[in-house]
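Read the structure below first, then the notes.
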Amino acid sequence: MLFRNTKIFSLLWLSIGIGLSGYYGVEWYEQPSWTRDEIEQSVELNLAVDLARMGPHLRPKGDKLDALRQLVRGEVETQIRREQSATQRGLAAGVAMLLLGLVPLLLERKRGV
């Protein structure tokens with residue numbers, strides 16, 4: 001019975017799309033924009049934590065320390081991109097659901113059903 005009335009089904013898609021778009025839109029708006037200095041500070045902080053966990057006799061020196069720093073920088077940048085990507089995917093899903101609900105309603109209105 002629910003699927004026979006396409007208007008209810010379309011309104012359901014529309015309301016879910018509005019909710020998801022609103023939620024992920026606010027999340028995307030509130031995401032911090034990272035500067036190079038903030039990323040570098042995060043890298044140094046994470047590197048200091050990693051080095052403290054290693055102990056004094058396991059700490060890398062010279063080129064190995066630079067390689068570890070590059071590895072930590074890659075992890076920080078990957079985490080930032082992952083958070084941004086998840087938010088953008090959620091927003092895109094919300095907009096898609098919104099359109100799935102809106103298009104049939106507009107087509108019904110145009111046909112005069």
Mind checking the [atom1]-[atom2] spacing from [X] to [Y]? Nearest 0.5 Å is all I need.
{"X": "Leu107", "Y": "Arg109", "atom1": "CG", "atom2": "CZ", "value": "12.5 Å"}
{"X": "Gln70", "Y": "Leu65", "atom1": "CD", "atom2": "CG", "value": "10.5 Å"}
{"X": "Leu12", "Y": "Leu100", "atom1": "CG", "atom2": "CG", "value": "11.5 Å"}
{"X": "Ser33", "Y": "Glu38", "atom1": "OG", "atom2": "CD", "value": "7.0 Å"}
{"X": "Trp28", "Y": "Leu91", "atom1": "CH2", "atom2": "CG", "value": "6.0 Å"}
{"X": "Leu58", "Y": "Arg53", "atom1": "CG", "atom2": "CZ", "value": "14.0 Å"}

Pair Glu83-Gln79, side-chain donor/acceptor within less than 3.5 Å |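 A pair is found: one side chain offers a donor N or O, the other an acceptor, under 3.5 Å apart.
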May I ask you to check whether Arg82 and Thr78 show a side-chain donor-acceptor distance below 3.5 Å?
->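 Absent: no donor and acceptor within the cut-off.
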With a 4.5 Å cut-off on side-chain heavy atoms, are [Y] and [X] touching?
{"X": "Asn46", "Y": "Glu75", "answer": "no"}
{"X": "Leu51", "Y": "Pro60", "answer": "yes"}
{"X": "Glu40", "Y": "Arg36", "answer": "no"}

CD of Gln41: more than 12 outside heavy atoms within 6.0 angstrom?
->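 For Gln41, atom CD is not crowded (no more than 12 foreign heavy atoms under 6.0 Å).
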Heavy-atom pair with the smallest gap, counting every atom of [X] and [Y]:
{"X": "Tyr24", "Y": "Thr87", "value": "O-CG2, 3.6 Å"}
{"X": "Pro104", "Y": "Leu99", "value": "CD-O, 4.1 Å"}
{"X": "Ser21", "Y": "Val95", "value": "OG-N, 3.2 Å"}
{"X": "Leu14", "Y": "Leu98", "value": "CD1-O, 3.7 Å"}
{"X": "Ile16", "Y": "Met97", "value": "CG2-SD, 3.3 Å"}
{"X": "Met54", "Y": "Arg59", "value": "SD-CA, 4.3 Å"}

Donor-acceptor under 3.5 Å (Ser15 side chain, Leu11 main chain) =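 Such a contact is found between Ser15 side chain and Leu11 backbone.
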Report yes or no: do [X] and [Y] belong to one cluster of Ile/Leu/Val/Met/Phe/Trp/Tyr joined by side chain heavy-atom distances under 4.5 Å?
{"X": "Leu71", "Y": "Ile80", "answer": "yes"}
{"X": "Val76", "Y": "Trp34", "answer": "yes"}
{"X": "Leu106", "Y": "Ile8", "answer": "no"}
{"X": "Leu105", "Y": "Trp13", "answer": "no"}

